[in-house]
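In what follows, a single structure is set out as structure tokens and then discussed.
One-based numbering, in listed order, for ligands and for the atoms of each.
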Amino acid sequence: MNVNESMIPQNGQIVTMSTARQTRTIEQINLDNLAHNLAVFKSRLKPTTRTLALVKADGYGTGALRVAQRLVEGGIDYLAVAAVDEGIPLRNALGSRIPIIVLNPNMSDHEAMFNINLEPEVYSIEQAHILLHDLQHYRPESFRDVPYPIHVKIDSGMHRLGFTDTQLRELTELLHHTDVLRPVSVFTHLSVADDVDNDEYTLAQLDYFTRCADMLESALRGRTLLRHVLNTSGTMRFTDYQMDMVRLGIGLYGIRTVFDGSEDDLRPVASLNSVIISIKEWEAGTTIGYGRRGLLTRRSRIATVPIGYADGYDRRYGCGATSMWVAGTMCPTVGNVCMDAVMIDITDAPADVRVGDRVEVFGNHVPIEALATARGTIPYEVLTGVSPRVARVYVDTSN
Ligand SMILES: *Cc1c(COP(=O)(O)O)cnc(C)c1O
């Protein structure tokens, strides 16, 4: 084989997959599809509604920096991360223009947060006091009295973080005594926006939120705050409640959560491909892999693929629970998933399938949603669960 080294994609590189030679497991992130998905959401919203993109957990495992860059080009208004650490590389790369919210600011990171203007979610009175204290102690002298943007979280029914209506009074009290904390937005998170059977609960959350937001605004003497409630499934199902902004996560990455047809225009952003590194033919009765769990019931062609549970290919995908797509054929796993490899049955695939041929682990033919089902979890966990050992390449034709 004539190996052209320059065609072997490196981690983080932008490639055209059709020319790239694949020798190992590679996750491909299609930024064109990401931009398409953002456009799909924008087309369903009022032109004045802002969009926030969740790029926490390294952009749901797809690479926060490249994802954020492409979304900024696509006209996203806000970014949000979970932790200050996640915001630092984004601020450094993107400059000061785009506001970045930190949903779960660690109090020990406040100084770093102030230095690069990340905007904290404020979710409890204790946290608000510590934030105020730190603003007055750890900002450069000349900035000490300059109002700092915060985003007030209401607990309308998720019961994770946020102010209840009674706790909100303590916050408004505090805000009356200082100008250093400047609320920019007020928001809440829906806990069952994807669940038709629970729409009454969602509507009650929306109502509770509106009362709290009204209360906060009137305590701020009518200063208006950005209001935002809807995540992906909320945006799809409760579009009337888009208010001033929506917060898009999983849908931007092209994954469906409600399956009512409303998401059919979305395109998958992440696909995981590997390669066949060995093929052998075995008689019926042969057993494959650890624990002899893969018992062949017919003469079979068995291929080995270099992806295992250490790559995020969950052990529950083994023993036929899922399949890989090989040259137009779905080929089930055989036996237990190993740490670094898994075997698949390619007996039904075309006879000319060879060592070196590409297999799709998930992507256009094997939906992430199907892997999630096989593993008894949600697509979020599959997407964020691809391990850092897997090389990631980007498809981006925008420039
Ligand atoms: C993660 C997150 C979202 C996005 O949820 P998706 O279901 O991925 O769209 C929205 N809001 C908050 C507060 C979140 O933490």
Side-chain angles (χ1 to χ4, degrees), residues 34 37-38 40-42 44-45 49-62 64 67-68 71 76-84 86-87 90 99-106 118-124 127 150-163 184-196 198 202 205-206 209 212-213 226-239 241-260 262-263 266 268-270 368-369 372 377-385:
L34 176 80
N37 294 337
L38 176 59
V40 167
F41 282 104
K42 280 176 172 279
R44 307 213 178 156
L45 298 167
T49 304
R50 282 167 237 224
T51 50
L52 176 153
L54 278 301
V55 291
K56 59 196 181 193
D58 201 17
Y60 286 44
T62 68
V67 161
L71 290 170
I76 204 86
D77 299 293
Y78 267 84
L79 297 172
V81 292
V84 171
E86 295 181 326
L90 297 180
I100 304 174
I101 298 179
V102 182
L103 296 169
N104 219 332
N106 184 328
L118 303 178
E119 305 180 3
E121 163 180 324
V122 170
Y123 56 79
S124 74
Q127 183 220 0
I150 62 167
H151 300 268
V152 178
K153 172 78 150 294
I154 304 297
D155 182 358
S156 63
M158 177 80 171
H159 302 153
R160 180 173 61 181
L161 294 175
F163 292 87
V184 175
S185 84
V186 56
F187 72 110
T188 194
H189 196 41
L190 300 174
S191 45
V192 277
D194 57 340
D195 180 1
V196 188
N198 266 303
T202 299
Q205 278 194 270
L206 288 158
F209 169 73
C212 289
L226 285 180
R227 297 183 184 206
H228 47 108
V229 176
L230 304 179
N231 60 357
T232 297
S233 45
T235 302
M236 289 296 187
R237 300 197 53 243
F238 294 91
T239 318
Y241 295 87
Q242 58 192 273
M243 302 185 196
D244 302 309
M245 181 155 79
V246 297
R247 300 190 307 272
L248 303 171
I250 198 82
L252 283 178
Y253 304 95
I255 288 170
R256 291 164 292 169
T257 50
V258 295
F259 301 99
D260 60 0
S262 63
E263 306 159 309
L266 300 178
V269 168
I368 282 187
E369 294 90 329
T377 186
I378 52 176
Y380 300 71
E381 194 179 358
V382 176
L383 189 58
T384 55

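- Interface of Leu103 with ligand 1, defined as ligand atoms under 4.0 Å from a residue heavy atom, comprises 15 (O).
- In this structure, the protein non-hydrogen atom closest to atom 9 (O) of ligand 1 is Thr232 OG1, 2.6 Å.
- Ionic pairing of Glu86 and Lys56 is not present here: no N-O contact between side-chain nitrogen and carboxylate oxygen is shorter than 4.0 angstrom.
- Atom 5 (O) of ligand 1 has Asn231 CB, 3.5 Å as its closest protein atom, hydrogens excluded (heavy atom only).
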Exercise. Decide side chain to side chain donor-acceptor pair (under 3.5 Å) for Arg50 and His228; before the verdict, give the C-alpha distance in whole Å, the side-chain angles of both, and the deciding distance to 0.1 Å.
Key: CA-CA 9 Å; Arg50 282 167 237 224; His228 47 108; over 6 Å; no
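- Counting only distance, with no hydrogens or angles, the side chain of Asn231 and the backbone of Gly234 share a donor-acceptor pair below 3.5 Å.
- Ser191 meets the side chain to side chain contact (heavy atoms under 4.5 Å, CB included) test with Met158, Tyr201, Gln205; sequence neighbours excluded.
- Between the side chain of Gln242 and the main chain of Thr49, no donor-acceptor pair closer than 3.5 Å is present.
- Checked by distance only, ligand 1 and Gly249 come closer than 3.5 Å through their nitrogen or oxygen atoms.
- Here the side chain of Asp194 pairs no donor or acceptor atom with the backbone of Val258 at under 3.5 angstrom.
- For ligand 1, the atoms sitting less than 4.0 Å from at least one non-hydrogen atom of Leu54 are 1 (C), 2 (C), 3 (C), 4 (C), 10 (C), numbered in the order shown with element in parentheses.
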Quiz item: Hey, mind stepping through Leu54 and Leu52 against side-chain contact (heavy atoms from CB on, under 4.5 Å) and telling me if it holds?
Solution: CA-CA 7 Å; Leu54 278 301; Leu52 176 153; 3.5 Å; yes
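- What sits closest to atom 8 (O) of ligand 1 on the protein, heavy atoms only, is Tyr60 OH, 2.6 Å.
- Inclusion of Leu248 in the set of residues having an N or O under 3.5 Å from an N or O of ligand 1 is not warranted.
- The shortest N/O to N/O separation between Ser233 and ligand 1 does not fall below 3.5 Å.
- Between Tyr380 and Tyr60, the ring-plane angle classifies as tilted under the 30° and 60° cut-offs.
- Scanning all protein heavy atoms for the shortest distance to atom 11 (N) of ligand 1 gives Arg247 NE, 2.8 Å.
- In this structure, the protein non-hydrogen atom closest to atom 7 (O) of ligand 1 is Tyr380 OH, 2.6 Å.
- Here the protein heavy atom with the shortest distance to atom 2 (C) of ligand 1 is Lys56 NZ, 2.6 Å.
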